Amino acid sequence: MIEIKNLNKIYRTDEIETTALNDISVEVKDGEFVAIMGPSGCGKSTLLNIVGLLDNPDSGSFLFNGQEIAHFNERQRSDLRKHNIGFVFQSFNLIDELTVYENVELPLIYTGVKSDERKIRVEAALDKMQIMHRRNHYPQQLSGGQQQRVAVARAVVNKPKLILADEPTGNLDSKNGGEVMEMLTSLNEQGTTIVMVTHSEHDAQFSHRIIRMLDGQTVMENILI
Amino acid sequence: MFKNYFKTAIRSLLRNKGYSLLNIMGLAVGMASTILILLWVGNEVGMDRFFSKIDRLYIMNNRDNFSGQLQAWNSTPKILGPTIKQNYPDVEDMSRFGNNNFLFTIGDKKITESGGYVDSSFFKLFDFPIVKGNTANAFNGVDKIVLTESFAKTLFGDTDPIGKTVKVDSSDIFTVSAIMKDLPANTTFRFKYLMPWTYRAKINDDDKYWGNNSIQTFVLLKEGAKLSTFNQKVRDITINHTKGNDNSTTQVFAFPIRDKYLYNKSENGKYVAGNLVTVRMFSIIAGLILLIACINFMNLSTARSEKRAKEVGVRKVVGARKGALVIQFMLESIILSFISFLIALLLVVIVLPFFNDLVGKKLAIRYGNFIFWGLSLLFIVFTGILAGSYPAFFLSSFSPVKVLKGTFKKANSKINPRSVLVVIQFTFAIVLIISTIIISQQMHYIQNRDRGYNQDALVFSDMSGDIPKKYPLIRQELLNSGAVTSVTKTMSPITQQYSDGWGFSWPGSVKEDEKLDFTRFSSDAQFVKTMGVKLLQGRDIDIYQYPTDSASILLTESAVKAMRLSNPVGSVVKGDGQDWRVVGIVKDFIIASPTEKVSPMMVLGPHSWFTTIHYRLNPARPVADNLKTIENIFKKYNSAYPFQYNFVDAEYAQKFVSIERTSKLTTLFSALTIIISCLGLFGLAAYMAEVRTKEIGVRKVLGASITSITTLLSKDFLRLVIVALLIAVPIAWYASHQWLLNFQYRIGVPVWAFVLAGVLSILIAILTVGFLSLRAAKANPTKSLRSE
């Protein structure tokens, strides 16, 4: 699904250049569950943003489902992203002004799904994440674990092939964190590819493979299964 | 998708009540001011343009040379209209309009009201809405009268007035032939009733003299007739009719009625933008106030950008394109603009009566009017887009990576578009403050100008009905009664100039002096004593003591100067078909405009004519008693007419209505601008305090005092206000200088006004920002640092 070769990303401010990704090459196959680990500043989030089509690499090749997308403009990336990729963030990133239902519905609105169809799919996603009873609540009325379940529901509602999770348990206690990891595992078992950035060795154990990064490069891979 | 935008917008408004309130109120106040001004502008621009034949309607004008200046004016000889209609095939019809003022009597009811004489074709030209009766034959008799609805009600109450009769001028009986709607706000016509021109002939008031310019003449040109061709033909009509007689040099031309109100200023014999200048000025002010309100909105919206950044990021991540977000935020500001409009409309409804008093109009919102709602919708969308454009593009440009990962760099707290917006706002506000000060100074200056006579307890009455005949008796009885200390009859009230003229000669005068224009006034006796003017040489006119005084005159000092007379008293001035002997010289006094130079003036003896009695009340007795005594005397000799009197000081105050109005309006609008600008500044300060929370925290941990932090935060804003001040000063100086040029008697542009405006604006800024700065400075640093 993802083939990254010799990718570079440099952040520039007025006076300083920071190399975030240094000639990195990574491959993720369909149906894989990959964890990316490494110390702060090693470039794992940058990698995730590029994989998630939120950011462009400076050089190198990025094949998504066999298509070269390193040179895509924002509109092309946005189109590809909304149909193929779901995101789960550490800080949930739900829109405070929208209810649980409406937050989950949002990706479907932007992909132009008809309203009847949206209802069916939102309810299915909420059901699956066991948050249906909270559908009319606002994010700030929910616990952290519940918020993250809504975020996961939002990530999966469009039936993406790939879910990117950026420290999904970072703001949760161990019980809620465990539940979220189980949900991701279960999604993976149903065929969704998952790439997860984490600091937690415990969470990483849920994955098939751990990519360890340092200074913008992969330094080690642990294959768990 | 729009439903989702709508929901987000409404909920976001409700969640941030404080900001929303600031935002909506600022915009509502701005919109309300703009609506008020636009109502007024609409009324001005639509003045006299609602007649169905407006494209063919013209008013006849004169053009002539006075003291080297070409002047145009629209009062014409009475004979002009019929002559034009008879001799010019381009003219389909014409009607004249002459003012009149009559006493109406029905039973015991006595009412004096002003109206007009018109030709029978008047309604053919001007299709004012009719309530009852038929206008086609409304004037088919010398004794027919058309009343306005409200005047008919005053006279006849609720009964049907058609066919009813009313006594006019204590002698003639008129029959009501039609009732017309009260005159709308957007017409320059002023009358409560219309009488046929033929009645004027009946009472010997219809002269055929080409030199008497006293009425207005309107013509309706035939379809297809060209104005320029008609004007060429009609140009010399007066010249041709006075050849070998008066030898007038006055040219005649027609001017479109649709432009008569807006282009009412005569310049080199042509009409140029007069009222249109004011209309333009206030349209600009309306635009500026709306812009300021929108800037405010932009400031407050972008100041909240941090709060919205996450939403932008999330929406982008789940698939929103920039365009979709721009539309979302635009829609949001249109919703806000809609809410603000509803509040603005409510504000307008509340203040409209006061505003009408202020501008002296009868403006109204036409709720039933389709166009009004259409324009309102446009106004809402326009304001929404104007206010929302910058925030929409600003917010939608956020990068999701940065906002969602928390590396979102908060905006630079130095120069940014928001600071520029604050500078623009304050520039307007300061220009308006300075203008307000200068206008009110000029107003006080002319109000306090020495009038040259004493207005205290000075009263005048019209010489209506039998008063001219019985004047000697009335005068004597007034003087005997003790209610007055002196009495004089005059050509006009001392607050109005009825007559001026040229063609005078005197010892040592040359040919050019015949073009010297003198203001005419008249008196029988006690002029100096009654008016309280200062006698510089000679004596007062007194026909009762000196029978030859019927041909005596007083000159004012500027007349003496213009005439270059070294020994004026005793000289003979020839003019008006009379030899006048100068008996005294008085100090200049103002009877015309207090904003202009006093023209040379002659006070003529009783060979002249009289319309008004002036009397000075006895200060030793209560005013009410005096008036009661005077009323009894007037009623005794003039029983058909009600006793009417006017205090000179109140009449004189009328001369300041226009400038007072300008002054009040600028005060009002500068106050509004300041309020809206302060809301904006407050919003920006709140934003800055939020952005710099961490900096403040670090500074406090390092030992900064509250004072030093408050100063630090306020300093940047003061800098903006000072920049605004520097930009505003030259603009305000130029604008007020230009405005003051309208007045011959004017103040210099006062420097202190600029200083005061500067101090005021800085003070206002300190008060607005200081509170927030202080609050930010007092906050506990541990909170702000932990949140990073």
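All values derive from a computational prediction rather than experimental measurement. Residue numbers begin at 1 in each chain, while the letters A, B, ... track the order of the sequences.
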So which of B/A320, B/S12, B/A9 has the largest heavy-atom pair count under 4.5 angstrom toward chain A? B/A320
Engaged part of A/L94 at the chain B interface, taking heavy atoms whose separation is under 4.5 Å: backbone
Inspect the surroundings of CZ in B/F382 and state if more than 12 heavy atoms from other residues, nucleotides or ligands are less than 6.0 Å away. no
About how many Å separate CG of A/D96 and CZ of B/R11, when rounded to the nearest 0.5 Å? 11.5 Å
Where A/S78 and B/R321 come nearest, the two heavy atoms and their spacing: OG-CG, 3.8 Å
For A/R77, is it the side chain, the backbone, both or neither that has a heavy atom under 4.5 Å from a heavy atom of chain B? neither
Counting only heavy atoms not in A/K119, do more than 12 sit closer than 6.0 Å to its NZ atom? no
Would the number of heavy atoms belonging to other residues, nucleotides or ligands and lying under 6.0 Å from CD of A/Q130 be above 12? no
For the CG atom on A/D215, are there more than 12 heavy atoms of other groups (residues, nucleotides or ligands in this structure) within a distance under 6.0 Å? no
For B/F338, does the CZ atom have more than 12 heavy-atom neighbours from other residues, nucleotides or ligands under 6.0 Å away? no
For B/V314 and A/N93, the nearest pair of non-hydrogen atoms, with its separation, is CG2-O, 3.0 Å
Look at atom CZ of B/F6 and say whether more than 12 heavy atoms of other residues, nucleotides or ligands are closer to it than 6.0 Å. no
Quick one: what part of A/D79 sits under 4.5 Å from any heavy atom of chain B, side chain, backbone, both or neither? side chain
Just by distance, do the side chain of B/R315 and the backbone of A/I95 share a donor-acceptor pair under 3.5 Å? no
Between chain B and each of A/R75, A/E97, A/K82, count heavy-atom pairs under 4.5 Å; write down the option with the most. A/E97
In short, A/Y110 meets B/A324 closest at the heavy-atom pair CE2-CB, 4.2 Å
